[in-house]
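What you see is a predicted model, and the numbers here were worked out from it, not measured in a lab. Read the numbers this way: they start at 1 and go in the same order the structure lists the ligands and their atoms. Numbers for residues simply follow the sequence, beginning at 1.
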Amino acid sequence: MLKLAIFGSGSGTNCQAIIDAIEAGTLDARIQCILSDVEDAYILERARKHGIPAIWFDCAPFKSKLDGDAEAKVLEILADHDVNFIALAGFMRIVKDGLLKAYEGRMINIHPSLLPSFPGLNGGKQAFDYGVKYTGCTVHFVDAGVDTGAIINQKMIAIDDDDTLDSMMEKLHAQEHIAYPEALRWIAENRIRRNGRRITIE
Ligand code: GAR
């Protein structure tokens with residue numbers, strides 16, 4: 001059984017899509033806790049509304065990564081909550097070695113572009129500014145690179161001539177909310193391979 005921790009830094013609409021899929025019975029998983037590096041992030045409010053432990057952790061002194069004491073604390077929280085799989089959903093920090101090693105092959109992320117195009121910050125805006133006619137979202141395993149891990153699921157959208165960045169992002173988010181629960185369902189059903197090996201969750 002997937003015993004998830006979801007990490008986010010913002011509004012948590014992807015987290016909500018995962019909660020909804022579990023509550024609707026289309027995803028066989030449990031959310032053990034929802035964590036954020038931002039104390040007043042709305043994702044934590046979503047957790048509380050659904051009776052899921054909502055945990056803020058302080059990443060100081062680091063501005064853009066999860067490392068050092070904060071990483072150690074997070075590992076402790078994950079062990080305390082019996083977490084066997086991590087879903088990053090709008091978590092805006094780079095994950096470092098300690099967490100990567102502890103959850104190797106058991107940590108995934110959603111990114112707002114069709115990887116390997118437009119990795120890094122603001123993938124949606126990068127694609128829009130470039131002028132591509134199609135873009136989308138990617139669910140992928142997390143490895144030591146920036147958005148370089150093996151791809152699990154992608155959804156595509158067309159960018160129409162009259163689209164603005166906002167209207168394009170609205171279409172993109174709607175696809176993310178399908179792609180993320182679907183990817184987790186495939187993992188829960190042991191249908192996903194990484195480096196040639198099937199990912200099985202006890
Ligand atoms: C999503 O669009 C996700 O793809 C993106 O942040 C947004 C979070 O929205 N993630 C990244 O850019 C990661 N590099 P949400 O908080 O409403 O789920």
Step-by-step salt bridge (Lys or Arg N to Asp or Glu O under 4.0 Å) determination, Glu104 to Lys101: CA-CA 5 Å; Glu104 212 209 323; Lys101 290 221 170 85; over 6 Å; no

Summary of ring-ring contact (aromatic ring centres under 6.0 Å, His included) pairs that have at least one residue in residues 129-175, sequence neighbours excluded: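 Sorted result for residues 129-175: Phe118-Tyr130.
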
Whether over 12 other heavy atoms sit under 6.0 Å from Lys171 NZ: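 More than 12 heavy atoms, drawn from other residues, nucleotides or ligands, come within 6.0 Å of this atom.
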
Any side-chain donor near an acceptor of the partner, His177 and Gln16, under 3.5 Å: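 His177 vs Gln16: no donor-acceptor pair found between side chains.
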
Any donor-acceptor N or O pair under 3.5 Å, side chains Asn190, Thr200: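 The answer is no; no qualifying pair exists.
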
N or O contacts of ligand 1 with protein under 3.5 Å, please list pair by pair.
from, atom 1, to, atom 2, distance (Å)
ligand 1, 2 (O), His173, NE2, 3.2
ligand 1, 2 (O), Glu176, OE1, 2.9
ligand 1, 2 (O), Glu176, OE2, 3.1
ligand 1, 4 (O), Pro112, N, 3.4
ligand 1, 4 (O), Glu176, OE2, 2.5
ligand 1, 16 (O), Gly12, N, 2.8
ligand 1, 17 (O), Ser11, OG, 2.9
ligand 1, 17 (O), Thr13, N, 2.8
ligand 1, 17 (O), Thr13, OG1, 2.5
ligand 1, 18 (O), Thr13, N, 3.3
ligand 1, 18 (O), Asn14, N, 2.9
ligand 1, 18 (O), Asn14, ND2, 2.9

Presence of salt bridge, Asp37 and Arg93, under 4.0 angstrom: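 Asp37 and Arg93: salt-bridged.
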
